[in-house]
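Only heavy atoms go into these numbers, but all of them, side chains included; no hydrogens, no water, no symmetry mates.
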Amino acid sequence: MTAFTAEAVVRPPCLVGGREETGTTRFPVAYPYTGETIGEAPLLSRDVVRRALDVAASARVDLDRHQRATVLERVSNRIADESEPLARLITLESGLCLADTRHETGRAADVFRFAAHAALHDDGEAFACDVSAHGRPRRAYTMREPVRLVAAITPFNHPLNQVAHKLAPAIAAGAPIVLKPSEKTPLAALWLARAILDAGYPGDALAVVTGGREEILDEMLAHEAVDVVSFTGGVAVGKEIARRLGYRRGVLELGGNDPLLVLRDADVERAASLAVTGATKNSGQRCTAVKRVIVEEPVADELAAAVVTRAVRLRVGDPLADDTEVGTLIDEAAAERVEQRVRDAADDGALILAGGERNGAQLVPPVLDRVEARHELVREETFGPAIPILRVRNLDDALAVANGTAYGLAAGVVSNDLAAITRCVRELRCGTVNVDEVPGFRTEATPFGGIKASGLGVKEGVVEAMRGVTNTKLFTLPWP
């Protein structure tokens, strides 16, 4: 076990109006693997949060496209230059292994780089107005204008990349934004805020505030200048936000229960590799993780054996060790919830083929076979590294089971049958379908969002996200 010394505890400030705000009190941030305090963040009062919103609401980003792109490129380069200490910081506050957090820093650098490119692109359109007897000899044009203020809230599972996906598109569009990161993982977000202001972005147009979620959310929803609320997190909070949105825009990403469909013609070894990787990366704490492996009966035995072979080889241990492949969950309570669902499924007929041992916040990835769709383990989103296998008779059943939950975020399909693949793309009720790949594959530029209980609006992909924080304005000119 790698010890983290008290001398290394970090205590970053929040930045409000470009000035440091430490608050009167701070709250601890613990390393989930050992429970040691590795950082502290300001517990901001409602008054300070309100002031951050007021300042941002009055801000106007007086940077042209080239200047905004330059800021974004500088941030991308800084993330890349400081990727190793930044990855270690994310590991310490989240318990995710270094292999995962190094990948996350690379993705975050991509977000800012792609946003820099998008900032330079003008997607305005031009229209002739003399196209019918009811027209005029005029020309019409569209342009995009930033909303007055964006309020954003991010979860714990990607402490840097989720924050990047909120901040970078807002900067590219010139939209002022106030963001609250998870109180469990605020340190990378505070680092990123400093990096953005150091890159030349105006301090009054960006604030990252830390503290209690309910208090900050209340202030965000009460502020009359907030035009867009962008939230990534749980269904219950997302529905509460939707209920209170009123006459403003909401971009809500509320999780997933993503299936990997393994059809009877599949390459079983490829399917097993995708199942294990997709279920255990980021300790299974991803909205797009493989939460259900739905396999047609003719290849189910072979697949189960191949999944076990791979799962038992995973190196589970110290998140700071270079060879660790599965770190911890965010805390012990989260690991206990996954463990309990595994036990409940086993008590109701599922077979635990491997894993399932828990030590504090760490859980050895459990492989279960003959899981039923009624089991809570697969009926609800299980946020951890479980690998449940559900057997079905045919493609009709596979599609019915895949669509049979409240969620609709992403899915993966392993098959070489074009007709079957086409049916999956058409009939899976979700925002993304990946063929011969895990449900979560995408780039930071591609649109990403879900339907049903998985959310409202497209929250990622810098171009789509920029559209979410801008309004389209039409103007016309005489054209005799």
**Message:** For Ala119, give me all partners under side chain to side chain contact (heavy atoms under 4.5 Å, CB included), at least two apart in sequence or on another chain.
**Reply:** Ala69, Leu72, Ala172
**Request:** Start with the C-alpha distance between Ile79 and Leu192, add both sets of side-chain angles, then the distance that settles side-chain contact (heavy atoms from CB on, under 4.5 Å), and finish with yes or no.
**Result:** CA-CA 8 Å; Ile79 293 172; Leu192 183 57; 4.1 Å; yes
**Request:** Look up atom CD in Glu21 and atom CG in Leu15, then write down how far apart they are to the nearest 0.5 Å.
**Result:** 10.0 Å
**Complete:** One should read off an interatomic distance between His66 NE2 and Leu120 CG, to the nearest 0.5 angstrom, of 7.5 Å
**Request:** With sequence neighbours excluded, tell me which residues meet side chain to side chain contact (heavy atoms under 4.5 Å, CB included) with Pro480.
**Result:** Pro478
**Prompt:** Is the backbone of Glu269 close enough, under 3.5 Å, to the side chain of Ser273 for a donor and an acceptor to pair up by distance?
**Reply:** no
**Request:** Please indicate whether Arg136 has more than 12 foreign heavy atoms, meaning atoms of other residues, nucleotides or ligands, lying under 6.0 Å from its CZ.
**Result:** no
**Message:** Using every non-hydrogen atom in the two residues, find where Ala411 and Leu428 come nearest and quote the distance to one decimal.
**Reply:** CB-CD1, 3.9 Å
**Request:** Please name all residues satisfying side chain to side chain contact (heavy atoms under 4.5 Å, CB included) with Leu254, sequence neighbours left out, ordered by chain then number.
**Result:** Phe231, Val235, Leu252
**Request:** Take Asp258 and Thr432 through the test side-chain contact (heavy atoms from CB on, under 4.5 Å) and record every step on the way to the result.
**Result:** CA-CA 10 Å; Asp258 305 320; Thr432 298; over 6 Å; no
**Prompt:** Do you know which two heavy atoms are closest between Arg292 and Val401, and how far apart they sit?
**Reply:** NH1-O, 2.9 Å
**Request:** Compare every heavy atom of Val226 with every heavy atom of Ala151, then report the nearest pair and how far apart it is.
**Result:** CB-CG1, 3.8 Å
**Message:** Applying ring-ring contact (aromatic ring centres under 6.0 Å, His included), can you list everything that pairs with Tyr141, at least two apart in sequence or on another chain?
**Reply:** Phe475
**Backbone of Leu477 reached by a side-chain donor or acceptor of Arg139 within 3.5 Å** = no
**Message:** Using modelled atom types and a 3.5 Å cut-off, is there a donor and acceptor pairing between side-chain atoms of Asp100 and backbone atoms of Asn282?
**Reply:** yes
**Prompt:** Where the side chain of Ser76 meets the backbone of Glu73, is there a donor-acceptor pair that is under 3.5 Å apart?
**Reply:** no
**Message:** Is there a side-chain contact between Cys14 and Leu190 in this structure, where contact means two heavy atoms from C-beta onward sitting under 4.5 Å apart?
**Reply:** yes
**Prompt:** Do side-chain atoms of Glu93 reach the backbone of Leu187 as a donor and acceptor pair under 3.5 angstrom?
**Reply:** yes
**Request:** Decide side chain to side chain donor-acceptor pair (under 3.5 Å) for Ser415 and Asp265; before the verdict, give the C-alpha distance in whole Å, the side-chain angles of both, and the deciding distance to 0.1 Å.
**Result:** CA-CA 6 Å; Ser415 174; Asp265 72 302; 2.8 Å; yes
**Message:** Does Arg19, at its CZ atom, have more than 12 non-hydrogen atoms belonging to other residues, nucleotides or ligands within less than 6.0 Å?
**Reply:** no
**Request:** Show the numbers, then the answer: is there a salt bridge (Lys or Arg N to Asp or Glu O under 4.0 Å) between Glu20 and Arg194?
**Result:** CA-CA 10 Å; Glu20 293 187 355; Arg194 169 62 74 186; 2.8 Å; yes
**Asked** Quick one: which of Ile90, Asn161, Asp110 gives a side-chain contact (heavy atoms from CB on, under 4.5 Å) with Thr105?
**Response** Ile90
**Prompt:** Backbone N or O of Leu245 within a donor-acceptor pair of the Arg248 side chain at under 3.5 Å?
**Reply:** yes
**Item:** Non-hydrogen atoms of Arg244 and Glu240 that approach each other most closely
**Value:** CD-OE2, 2.8 Å
**Asked** Would you call Asp81 and Arg78 a salt bridge, using N to O less than 4.0 angstrom?
**Response** no
**Any side-chain heavy-atom pair of Val290 and Ile387 under 4.5 Å** = no
**Prompt:** How far does OG1 of Thr142 sit from CD of Glu125, to the nearest 0.5 angstrom?
**Reply:** 5.0 Å
**Request:** Given side-chain contact (heavy atoms from CB on, under 4.5 Å), test Lys281 with Val438 step by step and report yes or no.
**Result:** CA-CA 11 Å; Lys281 283 293 183 184; Val438 294; over 6 Å; no
**Message:** Is any side-chain heavy atom of Leu167 closer than 4.5 Å to one of Ile177?
**Reply:** yes
**Prompt:** Got a second to check how far Asn157's CG is from Leu329's CG, nearest 0.5 Å?
**Reply:** 11.0 Å
**Item:** Any Leu89 side-chain heavy atom under 4.5 Å of Glu82 side chain
**Value:** no
**Message:** As an exercise, state the distance from CD of Glu84 to CZ of Arg88, rounded to the nearest 0.5 Å.
**Reply:** 7.0 Å
**Asked** Side chains of Lys452 and Thr405: donor-acceptor distance under 3.5 Å anywhere?
**Response** no
**Message:** Strictly below 4.0 Å, N to O, side chains only: are Asp417 and Arg423 in salt-bridge contact?
**Reply:** no
**Item:** Backbone of Asp54 reached by a side-chain donor or acceptor of Ser58 within 3.5 Å
**Value:** yes
**Prompt:** Who pairs with Arg107 by salt bridge (Lys or Arg N to Asp or Glu O under 4.0 Å), at least two apart in sequence or on another chain?
**Reply:** Glu444
**Message:** Any heavy-atom pair between the side chains of Glu460 and Thr232 that's under 4.5 Å?
**Reply:** no
**Asked** Minimum heavy-atom separation for Glu104 to His158, with atom names?
**Response** OE2-C, 3.1 Å
**Item:** Flag side-chain contact, heavy atom, 4.5 Å: Thr472 against Arg144
**Value:** yes
**Message:** When you compare the side chain of Val61 with that of Pro146, does any pair of heavy atoms fall below 4.5 Å?
**Reply:** no
**Prompt:** Is the backbone N or O of Asp436 less than 3.5 Å from a side-chain atom of Arg270, with the two atoms forming a donor-acceptor pair by type?
**Reply:** yes
**Request:** Determine, for Lys291 against Glu381, whether the closest basic-nitrogen to carboxylate-oxygen distance falls under 4.0 angstrom.
**Result:** yes
**Item:** Test: Lys180 and Glu215 ion pair at under 4.0 Å
**Value:** no
**Asked** Does the pair Asp218/Arg46 count as a salt bridge with the N-to-O cut at 4.0 Å?
**Response** yes
**Request:** Determine whether more than 12 heavy atoms belonging to other residues, nucleotides or ligands lie under 6.0 Å from atom CG of Asp62.
**Result:** no
**Message:** Any side-chain to backbone donor/acceptor pair from Arg442 onto Gly440? Under 3.5 Å, distance only.
**Reply:** yes
**Message:** Looking at Thr210 and Pro42, would you say the former's side chain and the latter's main chain have a donor-acceptor pair under 3.5 Å?
**Reply:** yes
**Prompt:** Between Thr91 and Thr101, do the side chains contain an N or O donor and an N or O acceptor separated by less than 3.5 Å?
**Reply:** yes
**Asked** Do Leu409 and Glu253 have side-chain heavy atoms sitting under 4.5 Å apart?
**Response** yes
**Request:** Can you run down the ring-ring contact (aromatic ring centres under 6.0 Å, His included) pairs that involve residues 83-134, sequence neighbours left out, and say none if there aren't any?
**Result:** none
**Message:** Does Arg249 form a side-chain contact (heavy atoms from CB on, under 4.5 Å) with Val147? I'd like the steps, not just the answer.
**Reply:** CA-CA 10 Å; Arg249 193 178 308 162; Val147 298; 4.1 Å; yes
**Least distance between heavy atoms, Val433 atom then Cys424 atom** = CG2-O, 4.3 Å
**Request:** Drop me the distance from Phe448's CZ to Thr288's OG1, to the nearest 0.5 angstrom.
**Result:** 5.5 Å
